[in-house]
Number of protein chains: 2
Amino acid sequence: MRKKQSTNFANEQFLFQVCELNSAIAMISGRWKSQIVYSISQGNHRFHLLQQELPNISEAVLARQLKELENHAILLKQEIPNTVPVGIQYVLTNKGWDLVPILESLCNWGKLYSEGKEISARIISEI
Amino acid sequence: MRKKQSTNFANEQFLFQVCELNSAIAMISGRWKSQIVYSISQGNHRFHLLQQELPNISEAVLARQLKELENHAILLKQEIPNTVPVGIQYVLTNKGWDLVPILESLCNWGKLYSEGKEISARIISEI
DNA sequence: ACAATAACTAACAAAATTGTTAGTCTTTAA
DNA sequence: TTAAAGACTAACAATTTTGTTAGTTATTGT
């Protein structure tokens, strides 16, 4: 449970109010989260399909991350009509879909420099 | 200190190997990190200027986040020539600069939906 | 001589996140 | 009737991250 009187919480709130960038990053920065979003965008809508894609995740952890993504309206849970027992699927909202190209650009950024693109900086002499 | 034999560590490594997306997010997802990068990109190159921008951060925490960003080659530390005592400045590398527009798009994504853009999802009936 | 500024570091404590274990419920297949 | 699949939940433990406290070093202003 989050302690609302902690410095940690207060600092998080401060950053959220400085810029939406910070809340955006908070929404996607949990372990497994962005990979779950990407995997759903690729068509893995069912709980057990996500488990197959992420073989090291436990059911409890997957359920928790899905719920947090749902709380942030990045995805939602739907019952699949006319299924017995009722099937559940996870689909991205428009908010979730809008995130996908941003995740792709982050991925490309990471790839570029892990593949050895040269890293340097200008020397700035003036204060 | 990181425990290399933990499940937590193993899962992180697994995700890093699945896609660079996950390592990219790990690099920017610490508290204060993306705000520090943005603030440096706006010209706040000095330790004390960053402290002014982030009045709730402690010196120890700022130093730690800067060191982690430096370890990921997003920024680097430079001595300012001909200063007594020697001045230190933090500058973004090209890798860091490439991140800035991505952070901006994350920021816009967050803003759009916090300002009330409608959130919805298609109903997918087929498995 | 003394305090102040700039830029840190190490050790520790508090809090948050992640992972584990042991359950639940419903339905279908053997 | 018993087991298995699918989709969970709650409580707890392990680990990691964040924040706190108390230092350091070098130089300048008073």
Side-chain angles (χ1 to χ4, degrees), chain A residues 1-15 22 25-33 35-36 44-52 54-71 75-80 82-90 127, chain B residues 1-15 22 25-33 35-36 44-52 54-71 75-80 82-90 127:
Chain A
M1 265 285 162
R2 205 77 207 272
K3 291 212 176 159
K4 303 270 166 75
Q5 345 73 271
S6 65
T7 305
N8 187 300
F9 183 80
N11 285 347
E12 189 178 60
Q13 294 299 307
F14 168 79
L15 285 168
N22 298 294
I25 286 181
M27 289 182 212
I28 60 172
S29 67
R31 175 84 85 245
W32 311 101
K33 284 217 184 78
Q35 196 58 46
I36 289 169
N44 298 295
H45 296 289
R46 302 294 300 262
F47 195 92
H48 66 275
L49 294 176
L50 291 166
Q51 278 186 284
Q52 282 170 33
L54 305 168
N56 304 302
I57 201 171
S58 76
E59 293 175 35
V61 171
L62 176 55
R64 204 158 54 204
Q65 302 297 321
L66 284 168
K67 177 156 293 179
E68 287 173 22
L69 289 166
E70 197 187 357
N71 290 154
L75 53 80
L76 49 83
K77 235 187 233 257
Q78 291 180 337
E79 296 192 353
I80 304 169
N82 310 321
T83 46
V84 180
V86 62
I88 301 283
Q89 64 185 0
Y90 294 91
I127 309 171
Chain B
M1 266 283 163
R2 204 78 206 273
K3 290 209 175 161
K4 302 270 167 73
Q5 345 73 270
S6 66
T7 304
N8 187 300
F9 182 80
N11 285 346
E12 189 177 62
Q13 295 299 307
F14 167 78
L15 285 168
N22 298 295
I25 286 181
M27 288 182 213
I28 60 171
S29 67
R31 175 83 86 245
W32 311 103
K33 283 215 184 80
Q35 196 59 47
I36 289 169
N44 298 294
H45 296 289
R46 302 294 300 260
F47 196 92
H48 66 274
L49 293 176
L50 292 167
Q51 278 186 286
Q52 283 169 32
L54 305 169
N56 304 302
I57 202 172
S58 76
E59 292 175 37
V61 171
L62 177 55
R64 204 157 54 204
Q65 301 298 321
L66 284 167
K67 176 156 292 181
E68 286 173 24
L69 289 166
E70 197 187 358
N71 289 154
L75 53 81
L76 49 83
K77 233 178 186 356
Q78 290 180 338
E79 297 192 353
I80 305 169
N82 309 320
T83 47
V84 180
V86 62
I88 301 285
Q89 63 185 2
Y90 294 91
I127 309 169

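Just so you know, these numbers use all the heavy atoms, side chains as well, and skip hydrogens, waters and symmetry mates. Reminder, nothing fancy here: chain letters follow the sequence lines and each chain counts from 1. In this text the structure is predicted, and so the values were computed from the model without any measurement.
Looking at the side chain of B:Arg31, the nearest of the listed nucleotides D:dT18, C:dT18, C:dA7 is D:dT18. Of the candidates C:dA16, C:dT20, D:dT15, D:dT15 carries the atom nearest the B:Ser6 side chain, counting heavy atoms from C-beta on. Nearest to the side chain of B:Lys3, among C:dG19, C:dA7, D:dT15, sits D:dT15. Distance from the side chain of B:Arg46 is smallest to C:dA7 among C:dA7, C:dG19, D:dT20.
Listed pair B:Trp32 / D:dG19 meets the phosphate criterion, a side-chain N or O lying under 4.0 Å from OP1 or OP2. For B:Ser58 and D:dT18, the shortest distance from a side-chain N or O to OP1 or OP2 is not below 4.0 Å. Taking only side-chain nitrogens and oxygens, B:Asn8 never comes nearer than 4.0 Å to OP1 or OP2 of D:dA14. A:Gln65 has a side-chain polar atom (N or O) that falls below the 4.0 Å cut-off from OP1 or OP2 of C:dT18. OP1 or OP2 of C:dA7 has at least one side-chain nitrogen or oxygen of B:His48 nearer than 4.0 Å. Dashed line: the shortest gap from a side-chain N or O of B:Arg64 to OP1 or OP2 of C:dT9 is not under 4.0 Å. Within the 4.0 Å cut-off from OP1 or OP2 of D:dA7, not a single side-chain nitrogen or oxygen of A:Lys77 is found.
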Could you go through nucleotides 24-30 of chain C and list every protein N or O atom that sits under 3.5 Å from one of its N or O atoms, giving the distance for each pair?
none

So which protein N/O to nucleotides 22-24 of chain D N/O distances come out below 3.5 Å?
none

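Proximity of A:Asn22 to A:Glu12: side-chain heavy atoms (C-beta onward) are nowhere separated by under 4.5 Å. Between A:Tyr90 and A:Leu69 the shortest side-chain heavy-atom distance does not fall below 4.5 Å. You'll find the side chain of A:Phe47 reaches within 4.5 Å of the side chain of A:Leu62, heavy atoms only.
Rounded to whole Å, atom C1' of C:dA11 lies 13 Å from atom CE of B:Met1. Protein atom CD of B:Gln5 is 14 Å distant from nucleotide atom P of D:dA14, rounded to whole Å. B:Ile25 places its CD1 atom 12 Å from the P atom of C:dT18, with the value rounded to the nearest Å. In this structure, B:Gln13 atom CD and D:dT16 atom P are separated by 11 Å, rounded to whole Å. Atom C1' of nucleotide D:dT9 and atom CZ of A:Phe47 are separated by 11 Å, given to the nearest angstrom. The separation between B:Glu79 atom CD and D:dT27 atom P is 12 Å, rounded to whole Å. Look at CD1 on B:Ile88: it is 17 Å from P on D:dT25, rounded to the nearest Å. In this structure, A:Asn44 atom CG and D:dA7 atom C1' are separated by 16 Å, rounded to whole Å.
Mapping A:Gly30 and B:Leu49 onto DNA chain C by nearest heavy atom places B:Leu49 closer to the 5' end of the strand. Each of B:Arg2 and A:Leu66 lies near DNA chain D, and the nucleotide nearest A:Leu66 is the one positioned closer to the 5' end. Each of A:Tyr90 and B:Asn56 was matched to the nucleotide of DNA chain D holding its nearest heavy atom; the match closer to the 5' end belongs to A:Tyr90.
Every side-chain contact (heavy atoms from CB on, under 4.5 Å) that A:Gln5 has, sequence neighbours left out, goes to A:Lys3. Every residue was checked against the salt bridge (charged side-chain N to carboxylate O under 4.0 Å, His left out) condition with A:Glu59, not counting sequence neighbours, and none meets it. Every side-chain hydrogen bond (donor to acceptor under 3.5 Å, both in side chains) that B:Glu68 has, sequence neighbours left out, goes to B:Lys33. A:Asn11 is linked by a side-chain contact (heavy atoms from CB on, under 4.5 Å) to A:Thr7, B:Arg31, B:Trp32, B:Asn56, counting only residues two or more places apart in sequence or in another chain. Applying the side-chain contact (heavy atoms from CB on, under 4.5 Å) criterion to A:Leu49, with sequence neighbours excluded, gives A:Asn44, A:Arg46, A:Gln52. Under the side-chain hydrogen bond (donor to acceptor under 3.5 Å, both in side chains) criterion, A:Gln13 pairs with no residue at all, not counting sequence neighbours. Shown here are the side-chain contact (heavy atoms from CB on, under 4.5 Å) partners of B:Leu76, two or more places apart in sequence or in another chain: A:Ala121, B:Gln78, B:Val91, B:Thr93.
Counting non-hydrogen atoms under 4.0 angstrom, A:Gly87 reaches nothing in the nucleic acid. Looking at heavy-atom distances under 4.0 Å, B:Lys67 makes contact with sugar-phosphate atoms alone, never a base.
A pairwise comparison of heavy atoms in A:Leu66 and A:Leu75 identifies O-CD1, 3.7 Å as the closest pair. Of all the heavy atoms in A:Pro55 and B:Phe14, the pair that sits closest is CD-CZ, 3.7 Å.
More than 12 heavy atoms of other residues, nucleotides or ligands shown are found within 6.0 angstrom of CG on B:Asn71.
End-to-end axis angle of the helix from C:dA1-D:dT30 to C:dA30-D:dT1, from C1' rotation axes over five pairs per end: 10° (rounded to 10 degrees).
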